[in-house]
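Counting starts at 1 for both ligands and their atoms, following the listed order. The chain is numbered in sequence order, starting from 1.
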Amino acid sequence: MATSTTTAPKKVGKLSTSVGLKIQMAVSGLIFVLFVLFHMYGNLKMFNGPEAYNGYAQFLRDVGYPIVPHGSVLWILRIILLVALVLHARAAIILWRRGKAARGPNQYKVKRGKKNQQTYASRTMRWGGIILLLFIVWHLLQFTTLTISVGADDYSALTPYDRMIAGFQPEVWWGYAIYLIAILALCLHIRHGAWSALQTLGWSNRHREPVFHGIAIVIAAIIFIGFMAPPTAILFGLIP
Ligand code: HEM
C-alpha cells in the first residue's frame with residue numbers, strides 16, 4: 001500500500017491567519033488610540049486648575065453611579081484595555097516569529113539601509129512596543145497603585161492634581177525624561193501603526209497612501225503636543 005510522504009497542512013483558524021492577526025492588531029490598536037486621545041484630553045484639564053482636574057479624576061470613578069456601583073465603568077474600561085493589550089502583543093509576537101521563520105537563516109545577510117525599510121520599521125515597532133510596555137508598568141505603579149511616589153514622600157496623601165505637580169518638578173527631571181521617551185516611542189508607534197492598519201484594512205492605495213501618511217503624522221504630532229504640554233508646563237513652573 002502506498003504511503004504519502006507529504007504532511008497535510010496544519011489547519012489554521014481564521015483568527016490565526018496572518019491577515020486575521022493583523023486585523024486583531026489594527027482593532028486593538030484603534031481601541032488604544034481612542035483611549036490615549038481621551039486620556040490626553042483629561043490630562044489637559046491640568047491647565048484648568050485643581051478643581052477641574054480632581055473633578056475629572058473623580059468623574060472617572062463615579063460615572064454610571066447609581067445605575068452601576070462606583071468604579072464599575074472604570075473597571076470595564078481597564079478590562080477592555082487589558083484584553084486589547086494582550087491581543088495586540090500576542091499578535092505582534094506571532095507575526096514577528098512567522099516573519100523570522102519565513103526569512104530563513106540568511107536573514108542577517110540582508111543589507112540594512114533604504115532598501116530595507118520594512119525591517120527598519122518592524123525593528124522600531126518592536127523596540128517601541130517593549131519601551132511602551134515597560135512605561136505602562138512604571139506609569140501604573142506611579143499614578144494608579146501609587147507604589148512609586150516621584151517628587152513626594154507619599155502619593156496617597158496627595159490629590160490627583162498634586163501628584164501630577166509633584167511628579168514633574170525640575171528636581172525630578174528624570175521623571176519627566178521617562179515620559180518624554182515614552183511619548184516619543186508612542187508617537188512613532190502610532191505613526192507607523194496607523195499607516196499599517198489602513199493597509200491591512202485595505203483602505204490604502206497608491207493615491208491615498210501619501211494622504212494616510214500625512215494623517216498618521218498629524219495624529220502622532222497632536223498626541224505628542226497634547227500629552228507633553230501639562231508635564232512641560234509643570235517642569236517650567238507654568239502650572240504652580
Ligand atoms: C505625559 C503623559 C501621561 C501623563 C502625564 C499621564 C498621567 C496619568 C495620571 C495622572 C493617571 C492617574 C489618573 C487618576 O488618578 O485618575 C493616569 C492613569 C493611567 N494612564 Fe496615563 N498619563 C500619560 C500617558 C499615558 C499613556 C501614553 C498611556 C498608555 C499608553 C497611559 C495609560 C494610563 C492608564 C492605563 C491609566 C490607569 C487608568 C486607571 O486604571 O485608573 N497614560 N495617567
Of the protein's non-hydrogen atoms, which lies at the shortest distance from [atom], and what is that distance?
atom: atom 4 (C) of ligand 1; result: Asn43 ND2, 3.2 Å
atom: atom 29 (C) of ligand 1; result: Phe35 CE2, 4.2 Å
atom: atom 38 (C) of ligand 1; result: Thr144 OG1, 4.3 Å
atom: atom 1 (C) of ligand 1; result: Phe227 O, 3.3 Å
atom: atom 41 (O) of ligand 1; result: Arg78 NH2, 2.8 Å

Would you call the rings of Trp195 and His213 parallel, tilted or perpendicular, taking 30° and 60° as the class edges?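 It falls in the parallel class, under 30°.
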Using the six-membered ring wherever Trp is involved, compare the ring planes of Phe143 and Phe168 and label them parallel, tilted or perpendicular (cut-offs 30° and 60°).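 Plane angle between 30° and 60°, so tilted.
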Considering Tyr176, Phe135, Phe168 one by one, which has a heavy atom nearer to atom 28 (C) of ligand 1 than any of the others? Phe135
Look at atom 12 (C) of ligand 1 and find which of Tyr179, Phe143, Tyr155 reaches it with the closest heavy atom.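 That would be Phe143.
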Tyr53, any N or O under 3.5 Å of ligand 1 N or O: no
Rounded to 10°, the NE2/His39 to atom 21 (Fe) of ligand 1 to NE2/His139 angle comes out at 170°
Ignoring hydrogens and angles, tell me if any N or O in the side chain of His70 forms a donor-acceptor pair with the backbone of Asp62 under 3.5 Å.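 Pair absent, no side-chain N/O of His70 close to backbone of Asp62.
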Quick check: does any side chain N or O of Tyr155 sit under 3.5 Å from a backbone N or O of Val150, one acting as donor and the other as acceptor?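 Confirmed, Tyr155 side chain pairs with Val150 backbone.
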Can you confirm whether more than 12 heavy atoms, excluding those of Tyr41, are under 6.0 Å from its OH atom?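 Not more than 12 within 6.0 Å, no.
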Beyond-backbone contact of Tyr56 with Leu44, side-chain heavy atoms, under 4.5 angstrom: no
Near Leu140 (heavy-atom distance under 4.0 Å), the atoms of ligand 1 are 34 (C), 35 (C), 36 (C), 37 (C)
Would you tell me whether Ser72 and Tyr65 have side-chain atoms, one donor and one acceptor, within less than 3.5 Å of each other? no
Against ligand 1, does Arg61 come closer than 4.0 Å with any heavy atom?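 Within the 4.0 Å threshold, so yes.
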